[in-house]
Novice: 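Below you will find the structure I want to go over with you.
Keep in mind the model is a prediction, meaning the values are calculated, not measured. In this chain, numbering begins with 1 at the start of the sequence shown.
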Amino acid sequence: MGVSLLSSPAFLVLFSFFTFCLLVDPVLGITRHYKFDVKLHNVTRLCHTRSIVSVNGQFPGPRIVAREGDQLLIKVVNHVPNNVSIHWHGIRQLRSGWADGPAYVTQCPIQTGQSYVYNFTIVGQRGTLFWHAHISWLRATLYGPIVILPKRGVPYPFAKPYKGVPIVFGEWFNADPEAVISQALQTGGGPNVSDAYTINGLPGPLYNCSAKDTFKLKVKPGKTYLLRLINAALNDELFFSIANHTLTVVDVDAIYVKPFETETLLITPGQTTNVILKTKPSHPNATFFMTARPYVTGQGTFDNSTVAGILEYESPPKSLHLSKMFPLFKPILPALNDTSFATNFASKLRSLASAQYPANVPQKVDKHFFFTVGLGTSPCQHNQTCQGPNGTKFAASVNNVSFTMPTTALLQAHFFGQSNGVYTPDFPSSPTIPFNYTGTPPNNTMVINGTKVVVLPFNTSVELVMQDTNILGAESHPLHLHGFNFFVVGQGFGNFDPNKDPAKFNLVDPIERNTVGVPSGGWVAIRFLADNPGVWFMHCHLEVHTSWGLKMAWIVLNGELPTQKLLPPPADLPKC
């Protein structure tokens, strides 16, 4: 008689192993390997050919796909003359600050001929984020989507879409963006603006010499598509709409939201928004523009143009539709300076705040901070003529401190206790000289320069109010915090009133995200728990303002438990 396979020790071991894998896989995830070769390659747009810095010869760069819980090992090899670093925008980087990516903050840049493996795990996030260069203006062409799927067997909190499509907004410069910012910093004036906006690297038919470079989204009737919108533009917040179609917002910055319908949405640089597009039940005998153009609040020059892609319905086989010329419908976007739309759109964003996806808003606050964000000036060097206001140089600051980038990475200096000469832990928690922030600006608009940081004990609950100023004009500033999500508990116009405004804060289901627009001529209040040890950059995601110094850093100290401490640096961490 044969032995029953089902009762054999080998089968039981095998069965137990597979059961273990099936049970553990959703929790631990898998390890995914990517290789990014950063090289120069020629790209032609608007009849201009130039050599751009790109990853694996792709523009935009390759899509990273992972599930919540997966570990990512991404080897970045630098084959170009520029120093390079890559930031995985919105990834929490719990205890893995060495992989966050901003040059001279968490790492020295990867030099020519060198490589670095970014090693991190995706914890508690699902949706859309993106990666981009985080040094100078290289992110003009070095960017791509990060698609985070739910854990296996975990459904979306909305109907599963038929297909997901990344829609990445960018900016195209006919000139080299590195030369553009270099010239601006030298002269002290505003940088030249981009020549076009792009959707997935393509400017579309509304620009000269660009009809062939148009993104087309081909869809089937009666399906739902998940559009993963990413604003990777350097310097512009964007309105976006698809003609004759309603979009349902379901996720921002890789956090589920209470779904709401909208014809148009606003997305700042550094933000992502997942929307459901329900296609029409039958072929509509038409095609539709999807367009984006800037939301503008500042007084400087800007790229006043519109990028268009085309939404096209697939015709059934043997259809006569192919021979027809369909009418092309165009959406109507808000006015360039429509702040009321921006405010209304922001007010619709609420966390799902369900049992499965709770909004863990800090209810008590350990430390309060009040930061002014805005523009300013720096003196012109002797024997030089500068093109900023009244012969000065443009600058930008937080609490009037314009951040000076160090030449040693802050995280390295902090970890090894070598902060002397690198940074000082005295960033002001509120403006040293208060003034009427949204009223008549002060006569003295000069900033002070320094590499100052805020130091927080582990698990400090923080409330930060960011206040726009009228210095050189009120303007919306999309502020991005590395290493954390935060809750947007309140916002308003004029000067923040600490006695009245907190009573109106939403502490139940505020939106949770990593980048928020400080309203033009107003303020925004955020809360977060400093539960991630390391050094974390916070800056305006309008690249010109970051270049002018609108940035600062938080240091979060280690906790007492081993699981509350920053891991040691990897052996291949780049050196300065």
Side-chain angles (χ1 to χ4, degrees), residues 30-41 52-66 70-123 129-146 148 178 232 405-416 418 422 480 482-483 532-537 539 546 553 565-576:
I30 63 170
T31 301
R32 298 174 188 259
H33 295 262
Y34 285 86
K35 188 180 181 195
F36 278 19
D37 283 303
V38 180
K39 293 183 175 179
L40 295 171
H41 89 279
I52 70 165
V53 181
S54 63
V55 168
N56 299 352
Q58 295 172 242
F59 172 63
R63 182 187 314 181
I64 286 179
V65 180
D70 285 353
Q71 179 189 24
L72 287 168
L73 294 171
I74 304 167
K75 183 175 185 177
V76 177
V77 187
N78 184 6
H79 303 275
V80 301
N82 314 68
N83 283 345
V84 167
S85 72
I86 305 286
H87 171 50
W88 318 94
H89 182 110
I91 297 282
R92 281 289 320 268
Q93 298 292 3
L94 289 164
R95 301 175 61 221
S96 58
W98 307 104
D100 192 41
Y104 302 107
V105 178
T106 60
Q107 66 169 93
C108 299
I110 306 165
Q111 298 177 21
T112 308
Q114 302 295 310
S115 66
Y116 180 46
V117 177
Y118 290 91
N119 177 358
F120 56 89
T121 300
I122 298 168
V123 179
L129 296 170
F130 70 118
W131 58 265
H132 61 77
H134 212 303
I135 183 167
S136 190
W137 278 23
L138 287 185
R139 77 174 182 86
T141 56
L142 268 181
Y143 61 85
I146 300 176
I148 306 172
E178 291 300 283
M405 292 304 285
T407 52
T408 301
L410 296 177
L411 184 57
Q412 218 170 321
H414 162 64
F415 186 84
F416 292 108
Q418 298 168 343
V422 181
H480 171 51
H482 291 229
N532 193 7
V535 178
W536 304 109
F537 210 23
H539 59 94
T546 300
K565 297 183 191 302
L566 176 68
L567 296 169
D572 64 339
L573 185 73
K575 295 177 173 57
C576 288

Novice: Can you check whether Cys576 reaches Tyr104 side chain to side chain, under 4.5 Å on heavy atoms?
Specialist: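 They are in contact (side-chain heavy atoms under 4.5 Å apart), so the answer is yes.
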Novice: Can you name the nearest heavy-atom pair linking Cys108 to Pro574, along with the distance?
Specialist: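 Of all heavy-atom pairs spanning Cys108 and Pro574, the closest is O-CB, 3.3 Å.
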Novice: Considering residues at least two apart in sequence or located in another chain, which fulfil the salt bridge (Lys or Arg N to Asp or Glu O under 4.0 Å) criterion with Lys35?
Specialist: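 With sequence neighbours excluded, Lys35 shows a salt bridge (Lys or Arg N to Asp or Glu O under 4.0 Å) to Asp37, given in chain and number order.
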Novice: Between Gln418 and Thr408, is any pair of side-chain heavy atoms under 4.5 Å apart?
Specialist: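 Not in contact.
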Novice: How close do Tyr118 and Gln107 get, heavy atom to heavy atom, and via which atoms?
Specialist: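 The answer is OH-OE1, 2.7 Å.
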Novice: Does a donor on one side chain and an acceptor on the other come within less than 3.5 Å for Asn78 and Gln111?
Specialist: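 No, Gln111 and Asn78 have no side-chain donor paired with an acceptor closer than 3.5 Å.
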Novice: Using the test side-chain hydrogen bond (donor to acceptor under 3.5 Å, both in side chains), find all partners of Ser136 that sit at least two apart in sequence or belong to another chain.
Specialist: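 For Ser136 the side-chain hydrogen bond (donor to acceptor under 3.5 Å, both in side chains) partners, ignoring immediate neighbours, are Glu178.
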Novice: Kindly write out the residues that satisfy ring pair (Phe, Tyr, Trp, His ring centres under 6.0 Å) with Phe415, not counting sequence neighbours, or none if the list is empty.
Specialist: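 Ring pair (Phe, Tyr, Trp, His ring centres under 6.0 Å) check on Phe415 returns Trp98.
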Novice: Is there a donor-acceptor contact under 3.5 Å from the side chain of Arg95 to the main chain of Lys565?
Specialist: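 Checking the backbone N and O of Lys565 against the side chain of Arg95, a donor-acceptor pair under 3.5 Å is found.
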Novice: Provide the closest heavy-atom pair for Ile122 versus Leu72 in the form atom of the first, atom of the second, distance.
Specialist: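 Scanning both residues, the minimum pair turns out to be CD1-CD1, 3.8 Å.
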Novice: Looking at side-chain heavy atoms only, is the closest gap between Val55 and Leu142 below 4.5 Å?
Specialist: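 Yes, their side chains come closer than 4.5 Å.
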Novice: Tell me if the NZ atom of Lys575 is crowded by more than 12 foreign heavy atoms within 6.0 Å.
Specialist: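 Open.
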